[in-house]
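Everything on this sheet refers to the single structure shown next.
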Amino acid sequence: MDANTIELLKECSSGCKMAIDSISQIRDYVQDAKLRELLMAYNQKHVELQTKIRQLLGQCDEEDKDPSLMAEWCSKMKISMKMNMHPDDHQVAKLMMDGCNMGIQSVSEYVNKYPDASPQAQDVAKELIKAEEDFMIEMKEFV
């Protein structure tokens, strides 16, 4: 695998980890059963994508990438502050939509930055973007 493919996969890995961490942090605030099911379904989708990414990176003896400490810290602080102010499903949905939007922008930026990455890496990145778009659409019901 070439360097651009590896970089794209690592950024997708980081994005999946951010999503999984955010869902984990927020699920204790969820009251609506349907919202809880959606969160768990999209968490599982991100776990599956992360597994796929790890397999692709493993083929060239590369490790996945953790999100930056600053990004993790900012996300945790934002979720904590907003949920302490408004601990309801409406706020959960808004925060998840914000996260989806950031994920879509970030991964799209890397897809555009590395257009010559392998077709497999491009497909995984597009699958992640699609998952984020679908997740955001499903959250609209709860806003």
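Computed over heavy atoms, backbone and side chain alike; hydrogens, waters and symmetry mates excluded.
Taking a 4.5 Å side-chain heavy-atom cut-off between Ile, Leu, Val, Met, Phe, Trp and Tyr, the cluster of Val47 extends to Ile20.
Under the 3.5 Å distance criterion, the side-chain polar atoms of Asn101 are left unmatched by any main-chain donor or acceptor of Met97. Side-chain atoms of Thr5 come within 3.5 Å of backbone atoms of Ser118 as a donor-acceptor pair (strictly under, hydrogens ignored).
Contact check for Ile53 versus Leu57: side-chain heavy atoms found under the 4.5 Å cut-off. Looking at Ser24 and Asn43, their side chains never come closer than 4.5 Å, going by heavy atoms from C-beta outward. Residues Arg27 and Met40 have side chains in contact (heavy-atom distance under 4.5 Å, counting atoms from C-beta outward). Within the 4.5 Å cutoff, the side chain of Ile6 has no heavy atoms near those of the Asp2 side chain. Leu128 places a side-chain heavy atom less than 4.5 Å from the side chain of Glu132.
To the nearest 0.5 Å, atoms CG (Asp32) and CZ (Arg36) are separated by 8.5 Å. Between Leu9 atom CG and Leu56 atom CG the span is 5.5 Å, to the nearest 0.5 Å. Between atom SG of residue Cys16 and atom CG of residue Leu49 there is a gap of 5.0 Å, rounded to the nearest 0.5 Å.
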Checking Met139 against Cys100 for the side-chain contact (heavy atoms from CB on, under 4.5 Å) test, could you report, in this order, the C-alpha distance in whole Å, the side-chain angles of both residues, the deciding distance, and whether it holds? CA-CA 10 Å; Met139 288 295 103; Cys100 289; 5.6 Å; no
Candidate pair Leu8 and Asn4, rule side-chain contact (heavy atoms from CB on, under 4.5 Å), full reasoning: CA-CA 6 Å; Leu8 178 57; Asn4 289 342; over 6 Å; no
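Residue pairs that meet the salt bridge (Lys or Arg N to Asp or Glu O under 4.0 Å) test with at least one member in residues 118-129, sequence neighbours left out, are Lys45-Glu127, Lys52-Glu127. The side chain to side chain donor-acceptor pair (under 3.5 Å) contacts involving residues 67-77 comprise Ser22-Ser75, where partners must be two or more places apart or lie in separate chains. Every pair passing salt bridge (Lys or Arg N to Asp or Glu O under 4.0 Å) that includes a residue from residues 6-15 is listed here, sequence neighbours excluded: Lys10-Glu62, Glu11-Lys65. The salt bridge (Lys or Arg N to Asp or Glu O under 4.0 Å) pairs that include a residue from residues 88-99 are Lys78-Asp98, where partners are two or more places apart or lie in different chains. Contacts classified as salt bridge (Lys or Arg N to Asp or Glu O under 4.0 Å) and involving residues 134-143 (residues at least two apart or in different chains) are given here: Lys34-Glu141, Lys130-Asp134. Screening residues 106-133 for ring-ring contact (aromatic ring centres under 6.0 Å, His included), with sequence neighbours left out, gives no hits. Sorted by first then second residue, the ring-ring contact (aromatic ring centres under 6.0 Å, His included) pairs that include residues 47-69, not counting sequence neighbours, number zero.
For the side-chain hydrogen bond (donor to acceptor under 3.5 Å, both in side chains) test, no residue two or more places apart in sequence or in another chain qualifies with Ser14. Legend: residues meeting side-chain hydrogen bond (donor to acceptor under 3.5 Å, both in side chains) with Gln122, ordered by chain and number and at least two apart, are absent. In this view, Tyr42 and Phe135 satisfy the ring-ring contact (aromatic ring centres under 6.0 Å, His included) rule, not counting sequence neighbours. For Arg54, the side-chain hydrogen bond (donor to acceptor under 3.5 Å, both in side chains) partners are Asp64, not counting sequence neighbours.
Shortest non-hydrogen contact noted between Ser80 and Gln25 is N-NE2, 4.0 Å.
Heavy atoms of other residues, nucleotides or ligands lying less than 6.0 angstrom from CD of Gln31 number more than 12.
At a threshold of 4.5 Å between side-chain heavy atoms, the hydrophobic network of Ile, Leu, Val, Met, Phe, Trp and Tyr places Val30 and Phe142 in one connected group. Residues Met83 and Leu39 fall within the same hydrophobic cluster, defined by Ile, Leu, Val, Met, Phe, Trp and Tyr side chains chained together at heavy-atom separations under 4.5 Å. Hydrophobic clustering (ILVMFWY, side-chain heavy atoms < 4.5 Å, transitive): Ile104 and Met18 are in distinct clusters. Placement of Ile129 and Ile137 in two distinct hydrophobic clusters is found when ILVMFWY residues are connected by side-chain heavy-atom separations under 4.5 Å, directly or transitively. Under the 4.5 Å side-chain heavy-atom criterion for Ile, Leu, Val, Met, Phe, Trp and Tyr, Leu35 and Tyr29 are members of the same hydrophobic cluster.
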